[in-house]
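What you see is a predicted model, and the numbers here were worked out from it, not measured in a lab. Only this structure's heavy atoms are used, side chains among them; waters, hydrogens and symmetry mates stay out.
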Amino acid sequence: MTDQGDPNLHEEYNEDLPYIDGKVDFRQHHGCCRDFYCLILFFAAIGGAIALFVIGFSKDQAHYLYAPINSKSEFCGRKENTTRATYDNTNFPNLISGLAIRLNFNLSDPLNTTIEAEKCEICVKDCPAAETCVCSNGTITPDSNLVSCATLPNETACIYVPFKTISVLDRCIPSGEGVLPEIAGMENMFTSAMSDLRNGWWLILVAAGVCLVLSFLWVCCVSCCGKCIVWSTLVLGTLVLLAIGGFALYYGIKRNKEADAWTSTKNPDETSAIVFMVIGGILLLAALILLFIMCGLHRSINLAFALIKEGASVLKSQMCMVFVPIVYIVLFVVGAVLVVVALVYYVSSRTEIAKGSRYVQWDVVTVLCIVLLILLFFWNIYFFLGMKTATVAGSTASWYFAYDKKDDTPRFPIARSVMILVCHHLGSVAVGSFLIAFIQTLRTILLYLEKKMKESTHTAARYVLACLQCCLKCWKCILQYITERAYIWMGISGSGFFRSARDAIALLLRHPATTFILDGVTTFIVTFGSLVVTALSVFVMVLIMRPDFFSDSFEVKIPIYHWWLIAVISGIVSFVFSTIILGVYDTMIDTVFLCYLKDEEIADHKGALYTIYARPQLKKHMNRAARRGDKRRERIERIRKEKEEEDEEDRKWNKGGDDDGEEEME
């Protein structure tokens with residue numbers, strides 16, 4: 001175990017970190033619940049959503065949004081006895097739609113007979129068979145044709161059904177023989193696809209397990225070989241850019257000279273030559289930028305890989321951390337379902353039925369309530385995402401600020417981080433998530449307005465909306481970056497949201513090169529890793545389902561026809577799981593980076609009075625002042641030990657002298 005030095009020395013000079021008995025204890029550094037006002041607003045918004053749900057549920061009109069409606073504005077499969085209408089369609093749950101043909105005879109001129117067609121929707125007990133005439137009075141005539149089903153203007157409207165129909169969500173749709181080949185093929189494919197999903201659902205779970213294993217293997221591979229992979233990629237990319245850019249520039253200059261030799265006027269050959277020269281210049285400029293990064297920022301690149309390796313060590317020591325996002329995703333799904341249910345019930349309470357159509361009674365109160373529910377939906381999403389980031393950051397910070405990673409680290413770091421988050425920082429998470437949710441709500445409103453403006457002739461208004469959408473997208477990305485760093489800094493310093501955001505961004509701005517390199521490298525590792533893990537998971541699934549693709553000696557033993565459907569779903573599940581796991585790894589790397597910067601700056605400021613927490617592979621990247629301070633600390637500790645040994649010898653000598661004196665007196 002590394003020598004901790006004098007605890008009193010730490011408590012006297014290191015007010016930046018919370019020390020108890022010479023160890024960092026984050027429980028004593030967070031104070032009361034931060035940004036409590038925003039947490040109250042969050043719970044108030046949830047209370048408002050519950051109130052809107054109660055209002056909508058009291059009217060019991062949820063079926064207004066999904067139940068089928070006939071041409072008489074009556075719901076199929078329901079009974080109603082209100083001031084709006086009185087009917088009983090309990091025995092007629094299905095809706096058939098079609099065109100009702102009417103013949104308009106002119107008695108003075110029988111040859112001048114007109115035919116009219118109108119849309120008609122009728123509630124029926126069972127979906128009709130092929131060549132059936134269905135009338136709105138409930139009459140069903142089999143073995144009919146289009147002519148026999150036509151009616152006069154004053155008669156009951158009837159629909160001629162040429163195909164067999166089946167019920168899907170209480171709507172009769174064409175099915176079976178006589179249907180268009182495209183519709184029949186879609187029906188058969190849907191049926192067989194559902195059968196394949198019933199038979200192959202376990203393969204999707206296997207894909208998730210394979211993805212989990214491959215994600216850990218990718219983290220181990222990156223911690224061991226990531227430096228070689230990225231350096232090789234940079235060198236090869238630079239050489240390729242230099243080769244292609246040099247060839248394009250040479251070819252463009254050659255074509256330009258040939259064009260000048262033949263004519264003095266501008267021609268297509270000269271234009272293409274200029275294009276080649278521009279492309280070559282851009283590629284050579286990109287190659288020079290990469291060369292500058294490799295030569296001028298090689299120390300930052302090496303530090304980035306040391307931080308990535310340290311993040312892998314954190315993940316290996318806290319394997320259960322990968323399940324933290326799953327818990328928060330479950331909580332998010334529960335909250336999202338509650339908000340959606342409240343939205344459905346409230347909108348249904350403001351919905352009216354007229355002429356066989358639904359429409360919402362829009363007013364200021366309705367619009368504000370719907371906007372509130374949309375805001376709460378996004379707030380719920382980013383709130384639990386923020387809790388995930390804060391939990392991972394708090395657990396990682398407790399691992400970093402421990403001299404001995406085995407003995408000084410808390411026994412249950414994840415549970416301890418969750419406890420600190422719930423007791424002290426839920427309000428701060430509510431602040432950051434509200435800011436992002438507010439921007440996302442504005443983007444949703446603008447998206448709705450853009451959809452409405454597509455049919456308008458106001459081109460300028462559409463361009464303005466597009467520009468606002470782009471600006472809000474940029475603001476959202478900036479806020480997400482700031483809030484994630486603020487959540488991480490909260491786990492380190494224990495301060496509120498706005499102070500954490502200010503301190504974290506200020507710290508990163510003092511080290512712009514390393515921040516830029518680390519963000520770029522981690523983004524490459526996470527994105528490329530997710531794609532690699534997904535591809536390998538899909539390959540394993542295809543190998544299990546269709547081994548005959550790889551060797552004729554194998555037989556297909558799994559009864560799945562649409563194997564590609566299982567492969568696609570497995571790929572989606574694998575990509576989501578790998579993104580979640582590698583996202584946790586990314587958060588750990590960012591947390592280690594901020595802890596490293598804080599550790600380095602305190603070492604710069606305190607010098608010999610501070611013990612650096614970074615392990616040797618990170619400590620060697622610290623600046624000279626930090627390393628010099630560490631050496632001074634070791635020299636002071638050595639001198640202190642020597643002095644203690646001398647004092648101990650003096651005490652023994654004095655004790656021995658006292659004993660001799662007593663003997664002489666006796």
Side-chain angles (χ1 to χ4, degrees), residues 62-81 84-106 110-195 197 351-359 562:
H63 61 280
Y64 275 35
L65 298 179
Y66 64 86
I69 307 172
N70 63 12
S71 300
K72 299 178 182 179
S73 299
E74 299 174 351
F75 291 100
C76 300
R78 302 187 69 89
K79 179 173 66 174
E80 187 174 351
N81 186 13
R84 188 186 73 85
T86 302
Y87 59 88
D88 186 1
N89 290 332
T90 308
N91 297 325
F92 304 95
N94 299 301
L95 180 71
I96 182 74
S97 301
L99 295 177
I101 306 300
R102 295 188 181 277
L103 302 177
N104 295 326
F105 289 101
N106 191 341
L111 297 178
N112 191 15
T113 302
T114 59
I115 300 176
E116 295 180 355
E118 63 178 356
K119 184 180 179 181
C120 185
E121 296 175 323
I122 302 172
C123 296
V124 294
K125 183 177 182 180
D126 299 310
C127 291
E131 298 181 353
T132 303
C133 185
V134 181
C135 298
S136 58
N137 58 3
T139 304
I140 299 178
T141 306
D143 300 329
S144 302
N145 53 45
L146 183 61
V147 177
S148 63
C149 196
T151 60
L152 296 176
N154 297 327
E155 295 179 352
T156 303
C158 298
I159 299 173
Y160 175 66
V161 183
F163 309 125
K164 177 186 176 181
T165 58
I166 60 173
S167 178
V168 177
L169 298 178
D170 296 331
R171 272 82 171 174
C172 297
I173 63 173
S175 173
E177 297 181 359
V179 187
L180 293 175
E182 294 81 2
I183 299 178
M186 291 177 60
E187 178 192 353
N188 296 331
M189 185 177 69
F190 179 79
T191 304
S192 60
M194 292 297 103
S195 177
L197 287 177
T351 303
E352 295 293 337
I353 307 298
K355 298 180 181 180
S357 301
R358 303 175 175 87
Y359 67 93
H562 297 288

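Considering only residues two or more places apart in sequence or on other chains, Cys120 meets the disulfide bond (SG atoms under 2.5 Å apart) condition with none of them. Every side chain to side chain contact (heavy atoms under 4.5 Å, CB included) that Cys127 has, sequence neighbours left out, goes to Asn94, Thr165, Ser167, Cys172. Every residue two or more places apart in sequence or in another chain was checked for a side chain to side chain donor-acceptor pair (under 3.5 Å) with Asp126, and none qualifies.
Note: Ile69 CD1 to Cys123 SG = 9.5 Å, rounded to the nearest 0.5 Å.
When all heavy atoms are compared, the tightest approach of Asn89 to Asn70 is ND2-ND2, 4.2 Å. Contact record, Asp170 with Pro68: O-CG, 3.9 Å, taken as the closest heavy-atom pair. Pro128 and Val161 make their closest contact through CG-CG2, 4.0 Å (heavy atoms, listed as atom of the first residue, atom of the second, distance). Residues Leu95 and Cys76 approach most closely at CD1-SG, 3.8 Å, considering heavy atoms. Here the closest heavy-atom approach between residue Ala67 and residue Phe75 is recorded as CB-CD2, 3.6 Å.
When each of Arg78, Lys125, Glu74 is checked for a side chain to side chain contact (heavy atoms under 4.5 Å, CB included) with Phe92, only Lys125 meets the rule.
The main-chain N or O of Glu121 is never found under 3.5 Å from a side-chain atom of Ser97 such that the two would form a donor-acceptor pair.
Distance check for Cys133 and Cys158: the SG atoms are not under the 2.5 Å cut-off.
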